[in-house]
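Quick note: residue numbers are just sequence positions, from 1. Side-chain atoms are counted along with the backbone in the values below, which use heavy atoms only and exclude waters and symmetry mates.
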Amino acid sequence: MNDKFYTSLQMREAFHLEFLRWFSQKVEATRYCLKGGVNLRLFCRSIRYSEDMDIDITNVRVEGLQKIVMGILSGRGFTDSLKFLGIEKIVPPDMAKAKQTETTQRFKIHLLTSAGEDLFTKIEFSRRGMKGNTIVEPVSASILRSYKMGPLLVAHYDVTSAVVQKIHALAQRTVLQARDIFDLFVLSSQYEKGQQEKILISKAVLKTAYDNIFLVEYLQFRDSVVAYLEVDDQKTFSSSSAWDEIKLKTANFLEEFKDEKG
């Protein structure tokens, strides 16, 4: 047993990493692509942890994917590989209730820890097509080192594609999410100017995304973003003034795209 203490956020992240390791051994990199918050955390230097993991999948049948995922989650080897983190048991989803369609396959999982915690996480696969530039890269060594994990290659969306996806999410979600604004704030420092011509986003989507930035209040940001940061980062961002600055920075970032498109 490792004597290092891992937080609930870290245990979920380590679970996601180990799942990706086992999953990538069974599914070719051309058939899946990591997206969303986990992608930003592992490859785009995001300081925000994610409770859930989202993956685009193609050319893998519903039944086949279900068999692969459930085989991993139920396997003793996979469970044993996480015990040093304090995860004692993995409770796979009830497949009689799980959403398993041609477009979405959702796996709700409980991680039972040695401290008596029941940590919820979800892995969701989408078959709505690969939307963006996919690349295969090693996960950040600093993240892997924190869990004493070996090298790991994962197929994921690049920064440009992540920006596009987040702008559309900010414009098109039924319920606005503070994390979309924060994620664009993070991506704004990594996106190379002059790449706008490679991004196809309508003026209407850009305007809606821009306007939506100013509709999200600090309390939502505190509860859905700050709560998923490390303690030291929470101190930095735990104020309404910090949230105002993030919104302003993100709005300025979107202005660059609006100006580029005339």
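In this structure the side chain of Thr236 never reaches within 4.5 angstrom of the side chain of Asp232, judged on heavy atoms. Using a 4.5 Å cut-off on side-chain heavy atoms (C-beta onward), Val38 and Asp54 make no contact.
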Quiz item: Passes side-chain contact (heavy atoms from CB on, under 4.5 Å), Gln10 versus Ser146? Steps please.
Solution: CA-CA 9 Å; Gln10 290 172 326; Ser146 67; 5.9 Å; no
Quiz prompt | side-chain contact (heavy atoms from CB on, under 4.5 Å) evaluation trace for Ile123 with Val69 | solution = CA-CA 9 Å; Ile123 303 174; Val69 173; 5.6 Å; no
Self-check item: Verdict with supporting geometry, Phe43 and Val154, side-chain contact (heavy atoms from CB on, under 4.5 Å)
Solution: CA-CA 10 Å; Phe43 296 101; Val154 175; 3.8 Å; yes
Quiz item: Taking it one step at a time, do Val225 and Trp243 satisfy side-chain contact (heavy atoms from CB on, under 4.5 Å)?
Solution: CA-CA 10 Å; Val225 176; Trp243 178 229; 6.0 Å; no
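Side-chain N/O atoms of Asp158 and Ser161 include a donor and acceptor closer than 3.5 Å.
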What side-chain donor-acceptor pairs closer than 3.5 Å can you find for residues 72-82, not counting sequence neighbours?
unit_1	atom_1	unit_2	atom_2	d
Ser74	OG	Met70	O	2.9
Thr79	OG1	Gly75	O	3.3
Ser81	OG	Glu18	OE2	3.4
Ser81	OG	Phe78	O	2.5

Got a list of side-chain donor-acceptor pairs under 3.5 Å for residues 169-182, not counting sequence neighbours?
unit_1	atom_1	unit_2	atom_2	d
Arg173	NE	Asp180	OD2	2.6
Arg173	NH2	Asp180	OD1	3.2
Gln177	OE1	Arg179	NH1	3.3
Asp180	OD1	Lys166	NZ	3.0

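A distance-only check finds no donor-acceptor pair linking the side chain of Gln100 to the backbone of Met95 [under 3.5 Å]. The closest donor-acceptor contact from the side chain of Arg127 to the backbone of Ile57 lies at 3.5 Å or more, if one exists at all. With hydrogens and angles disregarded, no donor-acceptor distance shorter than 3.5 Å links the side chain of Ser114 to the backbone of Glu88. Ser126 contributes no side-chain N or O that, together with a main-chain N or O of Thr104, makes up a donor-acceptor pair within less than 3.5 Å. Although no hydrogens or angles enter the test, the distance criterion places a donor-acceptor pair under 3.5 Å between the side chain of Asn39 and the main chain of Tyr157. With hydrogens and angles ignored, the 3.5 Å screen pairs a side-chain donor or acceptor of Arg21 with a backbone N or O of Gly150.
The existence of a salt bridge linking Lys131 and Asp56 is excluded, since no basic side-chain nitrogen approaches an acidic carboxylate oxygen closer than 4.0 Å.
The hydrophobic clustering, which links ILVMFWY residues whose side-chain heavy atoms are closer than 4.5 Å, places Tyr191 and Ile135 apart. Follow the hydrophobic side-chain contacts under 4.5 Å out from Val205 and you reach Leu254 in the same cluster. A continuous path of hydrophobic side-chain contacts links Ile109 to Ile55 [ILVMFWY only; heavy atoms under 4.5 Å]. When the side chains of ILVMFWY residues are joined at heavy-atom separations under 4.5 Å, either directly or via intervening members, Phe221 and Leu215 end up in a single hydrophobic cluster. Both Phe84 and Leu17 belong to a common hydrophobic cluster when Ile, Leu, Val, Met, Phe, Trp and Tyr are linked at side-chain heavy-atom distances under 4.5 angstrom.
If you take CG on Leu85 and CE on Met149, they are separated by 5.5 Å, rounding to the nearest 0.5 Å. Once rounded to the nearest 0.5 Å, the distance linking CZ of Phe185 with CG of Asn252 reads 11.5 Å. Taking CZ of Arg45 as the reference point, atom CD1 of Ile143 lies at 10.5 Å (rounded to 0.5 Å). Taken to the nearest 0.5 Å, the CD1 atom of Ile68 stands 11.5 Å off from the CD atom of Glu63. In this structure, Ile87 CD1 and Tyr6 OH are separated by 10.5 Å, a value rounded to the nearest 0.5 Å. To the nearest 0.5 Å, atoms CD (Glu217) and CG (Leu219) are separated by 7.5 Å.
Among all heavy-atom pairs drawn from Leu229 and Leu9, the shortest one is O-CD1, 4.2 Å. Scanning both residues, Ser24 and Leu152, for their nearest heavy atoms gives OG-CD1, 4.3 Å. Closest non-hydrogen pair, Ala251 versus Phe214, comes out as CB-CZ, 3.6 Å. Taking all atoms of both residues into account, the shortest heavy-atom contact from Ser46 to Val186 is CA-CG1, 3.9 Å. Of all heavy-atom pairs spanning Ala227 and Asp223, the tightest one is CB-O, 3.5 Å. Shortest non-hydrogen contact noted between Asp52 and Phe120 is OD1-CE2, 4.2 Å.
The side-chain hydrogen bond (donor to acceptor under 3.5 Å, both in side chains) test with Tyr49 singles out one residue from Glu230, Glu13, Arg12, and that residue is Glu230. The salt bridge (charged side-chain N to carboxylate O under 4.0 Å, His left out) test with Asp183 singles out one residue from Arg41, Arg48, Lys35, and that residue is Arg48.
Contacts classified as salt bridge (charged side-chain N to carboxylate O under 4.0 Å, His left out) and involving residues 98-109 (residues at least two apart or in different chains) are given here: Arg106-Glu124.
Heavy atoms of other residues, nucleotides or ligands lying less than 6.0 angstrom from NZ of Lys122 number more than 12.
The aromatic rings of Phe125 and Phe23 lie tilted to each other, with the angle between the two planes from 30° to 60°.
The distance between the ring centers of Phe107 and Phe19 does not fall below 6.0 angstrom.
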